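Working notes, beginning with the structure itself.
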There are 2 protein chains.
Amino acid sequence: MPAKASAAPSETAERIVETAMELIQTRGFSAISYQDISDRLAIRKASIHYHFPSKADLGIAVVEAYAAALKAHMDAIIADDALTSIAMFDRYCQPFRQLAATPDKICLCGALAGEILALPEPMRPIVKAFFAVHEAWLERMLARGIERGEVRKDIDPAGAARLIFSSLQGALLVRRTADDRNQVEDVIATIKAQFLAPPA
Amino acid sequence: MPAKASAAPSETAERIVETAMELIQTRGFSAISYQDISDRLAIRKASIHYHFPSKADLGIAVVEAYAAALKAHMDAIIADDALTSIAMFDRYCQPFRQLAATPDKICLCGALAGEILALPEPMRPIVKAFFAVHEAWLERMLARGIERGEVRKDIDPAGAARLIFSSLQGALLVRRTADDRNQVEDVIATIKAQFLAPPA
DNA sequence: GTCTATACAAAGATAGAC
DNA sequence: GTCTATCTTTGTATAGAC
């Protein structure tokens, strides 16, 4: 029963998705093939096609899994109402820090966004929704911080959320190429200093 | 005399580079082919191979041309010593605004950075140098602005330069997918408000 | 559910005529 | 400098045995 949107995936299907995710994060969607995945899993190409008939099916499964994992992470942060704004942001950044700690991974949706017009059409709205969800989460966090007096009143939550999210995506992109370990940390530190410092 | 690093390129070679650049900015390097270019130019694949024997040769020519054009733009800004910091930044942003005005183009090096590990090895250091040059330029602009009292003294020019450059790259990436015309303008406005406002 | 085998198209690249 | 023709490899995908 392959490629069913919300069926419990078999273990093999999960390993395929995980491997594909890593490969896309390092090389991009256009550049990877069923052969690349089958090499890593010691499984045949045809077996991958059994679970994911087309490359579009596989891509959709990968991006849905990624988006769902990060959504759960964000929901968990929101659920803890006692957190300060800066603690919320630190927890939000954790997955991005983890990516920055790898030698060559970037955000899956950042990688896909760079080649969005080369993607199978059904993948695109999922990437789009991912960005919208993250920017909305950041905007809400900032608005809450202003209410609580933890964030400067003179910032625009929507504009700042866009800057923050864009800079995190861009920082991951740039740091991999620049091979500079501090790129992402510098950006996070600057965001905190400029946007999450208590009002003067 | 094709593929010579600094020979004057023929007009056909120039048209090939220009077309390839646009295609890479919209679809990515891995996703485009000699066939795509030959279709657009009403020329045969073999003719492109005459000018650029391998895809790596073509990629190098494209990224070198792009980097050189933006380098000239930055040099022209630096040459005008009378500009205020905010005027310098506005002129710096002009090429990025132009990209944001297209339906589907992002920074060439942003697109390439997303698939850096899938690129022919000789292309990579050129992308890397592009990022280093831009961040250094922004850092210098900010440091000058602090000296002139146009930029807040409490910011770290290196960290802020990284945030600004990352956010511009990220904003182009996100706005294309989000199809949101204001993404890039919002980010530029927020940068100005937070980093280029006069000291309190 | 995984395998072998294969079909079919597209890719990068070269040879050689004009 | 551009063309036609062709080679070789790779990629996505399917058929059918086990």
Side-chain angles (χ1 to χ4, degrees), chain A residues 1-4 7-24 26-63 111-112 115 117-123, chain B residues 1-4 7-21 23-24 26-63 111-112 115 117-124:
Chain A
M1 204 178 283
K4 266 277 192 60
S10 74
E11 210 195 301
T12 303
E14 275 174 5
R15 289 171 63 218
I16 292 167
V17 166
E18 195 130 325
T19 303
M21 193 182 293
E22 282 191 29
L23 286 169
I24 295 168
T26 51
R27 304 172 45 80
F29 185 78
S30 303
I32 68 157
S33 67
Y34 277 61
Q35 188 64 58
D36 294 326
I37 299 166
S38 83
D39 287 345
R40 289 215 181 184
L41 293 179
I43 200 181
R44 296 288 142 178
K45 280 197 292 177
S47 304
I48 304 176
H49 278 286
Y50 169 78
H51 293 283
F52 304 98
S54 77
K55 201 180 172 187
D57 295 321
L58 176 56
I60 291 165
V62 169
V63 65
L112 295 177
E115 48 183 345
L117 292 173
L119 299 182
E121 205 280 325
M123 292 178 67
Chain B
M1 203 177 283
K4 264 278 190 59
S10 73
E11 210 197 299
T12 304
E14 274 174 6
R15 288 171 63 219
I16 293 168
V17 166
E18 195 130 325
T19 303
M21 193 183 293
L23 286 169
I24 296 168
T26 51
R27 303 173 45 81
F29 185 78
S30 302
I32 67 158
S33 67
Y34 277 60
Q35 189 64 57
D36 294 326
I37 300 165
S38 83
D39 287 345
R40 291 216 179 183
L41 293 178
I43 199 181
R44 297 288 143 177
K45 279 198 295 176
S47 304
I48 304 176
H49 278 286
Y50 169 78
H51 293 283
F52 303 98
S54 78
K55 201 179 174 189
D57 295 321
L58 176 56
I60 291 165
V62 169
V63 65
L112 296 175
E115 48 184 345
L117 292 173
L119 299 182
E121 206 280 323
M123 292 178 67
R124 301 182 202 173

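Naming convention: chains lettered A, B, ... in sequence-line order (proteins, then strands); numbering from 1 in each chain. Not measured: the values here are computed from a predicted model. Only this structure's heavy atoms are used, side chains among them; waters, hydrogens and symmetry mates stay out.
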Tell me the interatomic distance from B/Lys45, atom NZ, to D/dC7, atom C1', rounded to whole angstroms. 11 Å

Just the rounded figure in Å: distance from C1' of C/dA10 to NZ of B/Lys55. 12 Å

A side-chain contact here means heavy atoms from C-beta on lying under 4.5 Å apart; do A/Ile48 and A/Leu41 qualify? no

Nearest-Å distance, CD1 (A/Ile37) to C1' (D/dA13)? 14 Å

So which nucleotide from D/dT12, C/dG1, C/dG12 ends up closest to the side chain of B/His49? C/dG12

Interatomic distance where CD belongs to B/Gln35 and P belongs to C/dA13 [whole Å]: 14 Å

Side chain of B/Arg44: nearest nucleotide among D/dC3, C/dG12, C/dT2? D/dC3

For C/dA11, does OP1 or OP2 lie under 4.0 Å from any side-chain N or O of B/Ser33? yes

Mark yes or no for whether A/Tyr34, through its side chain, and A/Ser54, through its backbone, hold a donor-acceptor pair below 3.5 Å. yes

Find the distance between CZ (B/Arg44) and NE2 (B/His49) and round it off to the nearest 0.5 Å. 13.5 Å

Measure the distance from CD on A/Glu14 to C1' on C/dG1 and round it to the nearest whole Å. 16 Å

Could you check how far CZ of A/Phe52 sits from P of C/dT2, rounded to whole Å? 11 Å

Nearest-angstrom distance from the residue atom CG of B/Leu41 to P of D/dG1: 16 Å

Closest to the A/His51 side chain, choosing from D/dA13, C/dT2, D/dT4: C/dT2

Testing C/dG12, D/dG11, D/dT2 for proximity to the side chain of B/Tyr50, the answer is D/dT2

Both B/Ser10 and A/Tyr34 contact DNA chain D. Taking the nearest nucleotide for each, which residue is further toward the 5' end? B/Ser10

Given C/dT2, D/dT12, C/dA13, which nucleotide is nearest the side-chain atoms of A/Ser47? C/dT2

Ranking C/dA15, C/dG1, C/dC3 by distance to the side chain of A/Ala46, first place goes to C/dC3

Which part of the nucleic acid does B/Ile32 contact within heavy-atom distance under 4.0 Å: base, sugar-phosphate only, or nothing? sugar-phosphate

Has the side chain of B/Lys55 got a donor or acceptor atom that lies under 3.5 Å from a matching backbone atom of B/Pro120? no

Side-chain heavy-atom pair A/Ile43, A/Arg15 within 4.5 angstrom cut-off: no

Any side-chain N or O of B/Thr12 below 4.0 angstrom from OP1/OP2 of D/dT2? yes

